[in-house]
Amino acid sequence: MKKKILITGAAGFIGFSFALKLLENNHQVIGLDNLDNYYSVKLKKKRLKELNKFKNFSFFKINIEKENFFEKLRKKKIDHIFHFAAQAGVRYSVVNPKKYVYTNILGTINVFRFAVLKKIKSVFFASSSSVYGDSKKFPQKETNQLSPKNIYATSKIINEVVAKSFSNNFKIKIYALRFFTIYGEWGRPDMLLFKIMKNSIKGTELKLNNKGNHFRDFTYINDVTSILYLLLYKKINKKFDVYNISSNNPQSIKKIINNFKKNFSKLKVKNVSRNNLDVFKTHGDNKKILKLLNFKNFTKFNKGIKTTYSWYKSKNDKLIF
Ligand SMILES: NC(=O)c1ccc[n+]([C@@H]2O[C@H](COP(=O)([O-])OP(=O)(O)OC[C@H]3O[C@@H](n4cnc5c(N)ncnc54)[C@H](O)[C@@H]3O)[C@@H](O)[C@H]2O)c1
C-alpha cells in the first residue's frame with residue numbers, strides 16, 4: 001500500500017535521500033525544511049530540485065521552532081513522519097549552543113505535538129551515535145550507558161526522553177534512530193569525508209585532528225534508506241524504542257587519509273591537536289535493527305567510498321560545497 005509521508009529536513013542529506021527513495025517507489029512525500037545556512041543553501045536547493053521532478057512531492061519552507069509551524073500542514077493527509085530536521089554537527093555546538101536548544105529540543109517537541117494532533121500512526125526521528133560519548137564498551141549497544149560530550153549529544157538524549165514520555169502519555173508510536181556517521185552521494189560538506197574529497201581535488205590543506213587517531217563506524221546512505229523503507233512497513237509492537245543504525249564496521253581515519261594520499265598526491269594534511277568534543281571511537285552494535293528487519297547486506301566501505309567519490313567528481317563543478 002502506498003503511503004503519505006512527512007519528512008522534516010527534506011533538503012538535508014538523510015531527509016533528501018529517503019524522500020528520493022520513497023518517491024521512486026511512488027509514495028506521496030511532503031517535505032519540510034527551513035533551508036538554514038549552516039552549510040551551502042545552494043546544495044540544499046539542488047537536492048530539492050531533484051525531488052521536485054516527482055509530481056508526488058510537495059515542499060513547505062517551514063521553521064519547526066515556530067509554535068504554529070503546522071498550520072500550513074493541518075489539512076494534509078499524513079500516515080507517518082520521519083523527523084530529520086535538526087541543527088547537526090558537534091563543532092558548531094560551541095559556536096551557537098542556543099540553536100541546538102531551539103531547533104533540536106523545542107523544534108522536536110513541536111513536531112511530536114503535531115503528530116499527536118494529527119493522530120499520526122508512527123514517528124521515526126534522528127537521534128545520534130554521539131549520545132554514547134566516550135564509551136569503554138564496544139560495540140555500543142542501545143542499552144549502554146549514555147555519556148554526552150557536547151550540547152548536540154545532550155539535545156538528542158533529551159529528544160529520546162521526551163519521545164518516550166509522549167509515547168506513554170499519548171496514543172502515538174515514536175522510535176529513535178541513532179545514526180552512526182552516514183556518508184554517500186549528496187552528503188554533507190561539513191563532514192570529514194567530504195572535506196577529504198574536496199581537498200584532494202583542489203589540492204588545498206585538510207586540517208586533521210589528533211593525527212587521524214580516531215575510528216568511525218561509517219554507514220552508507222543507501223543502506224540507511226533501505227532500513228528506513230523496511231521500517232515503514234514493519235509493525236512494531238512497542239510504543240517507543242531505540243535502534244542503532246550502524247554498519248558495525250569502524251574505520252580508522254588515519255588509514256582513510258593514507259589511502260587518499262596514495263591515490264591523490266595533491267592532498268595536503270595539516271595536523272592539529274585533538275578536539276575535546278570528538279569521541280575516540282564509534283562502533284555501533286546493529287543486531288537489534290537487523291533482527292527486527294532481517295536486513296543483512298551492508299555496503300562494504302571501500303565500495304561505498306568509491307561510488308561517493310565518483311559522484312562527487314561528477315558534481316563538483318556544479319555544486320558549491
Ligand atoms: N549525517 C549523519 O552522519 C548523522 C549522524 C547522526 C545523527 N544525524 C542526525 O540525522 C538528522 C539528519 O542529518 P543530516 O546529515 O541529513 O543533516 P542536514 O543538516 O543535512 O539536514 C538537516 C536539515 O534540517 C534543516 N533544518 C535545520 N533547522 C531547521 C528548522 N528549525 N526548521 C526546519 N528545518 C530545519 C536544515 O536546513 C537541513 O536541511 C539530524 O537530526 C542529525 O542530527 C545525522
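Each ligand, and each atom within it, is numbered from 1 in the order the structure gives.
- In this structure, Lys300 forms no cation-pi arrangement with Tyr220, as its terminal cationic atom is not both closer than 6.0 Å to the ring centre and no more than 45° off the ring axis.
- In the candidate list Ser17, Ala10, Ala85, Ala86, Ala86 is nearest to atom 27 (C) of ligand 1, counting heavy atoms.
- Summarising the contacts of atom 8 (N) of ligand 1 with Tyr39, Tyr152, Phe13, Phe84, the nearest heavy atom is found in Tyr152.
- Only the backbone of Ile62 comes within 4.0 Å of ligand 1, judged by heavy-atom distances.
- When the ring pair (Phe, Tyr, Trp, His ring centres under 6.0 Å) test is applied to Tyr102, no partner is found at least two apart in sequence or on another chain.
- For the pair Lys118 and Phe70, the cation-pi test (distance below 6.0 Å, angle within 45°) is failed.
- Note on ring orientation: taking the six-membered ring where Trp is involved, the planes of Tyr132 and Phe180 are tilted (angle from 30° to 60°).
- For ligand 1, the atoms lying closer than 4.0 Å to a non-hydrogen atom of Ile64 are 30 (C), 31 (N), 32 (N), 33 (C).
- Closest heavy-atom approach to atom 35 (C) of ligand 1 among the candidates Asn34, Asn37, Val41, Leu32: Asn34.
- Heavy-atom contacts of Lys99 reach the following atoms of ligand 1: 28 (N) (cutoff under 4.0 Å).
- Between Ile182 and ligand 1, at least one pair of N/O atoms sits closer than 3.5 Å.
- Each of Asn249, Ile182, Ile305, Ile253 was evaluated against Phe218; a single residue qualifies, Ile253, per the side-chain contact (heavy atoms from CB on, under 4.5 Å) test.
- Ligand 1 has no N or O atom lying under 3.5 Å from any N or O atom of Gly15, backbone or side chain.
- Ile172 and Ile7 are not part of a single hydrophobic cluster, where members link through side-chain heavy atoms under 4.5 Å apart.
- Here's the thing with Arg188: one of its N/O atoms is less than 3.5 angstrom from an N/O atom of ligand 1.
- Considering backbone and side-chain N/O of Ile14, one or more are found under 3.5 Å from N/O of ligand 1.
- For ligand 1, none of its N or O atoms has an N or O atom of Gln87 under 3.5 Å away.
- For a threshold of 3.5 Å applied to N or O pairs, the pair formed by Phe179 and ligand 1 contains no separation below that value.
- Annotation: cation-pi pair Lys44/Tyr39 present, NZ/CZ under 6.0 Å from the ring centroid and within 45° of its normal.
- The ring pair (Phe, Tyr, Trp, His ring centres under 6.0 Å) check on Phe215 picks up Phe280, with sequence neighbours excluded.
- Polar contact check, Ser129 against ligand 1: no nitrogen or oxygen pair lies under 3.5 Å apart.
- Considering backbone and side-chain N/O atoms, Ser128 never comes within less than 3.5 Å of an N/O atom of ligand 1.
- Ring geometry for Trp186 versus Trp311: interplanar angle of 30 to 60°, hence tilted.
- Between atom 7 (C) of ligand 1 and the options Ala126, Pro189, Ala88, Ser127, the minimum heavy-atom separation is to Ser127.
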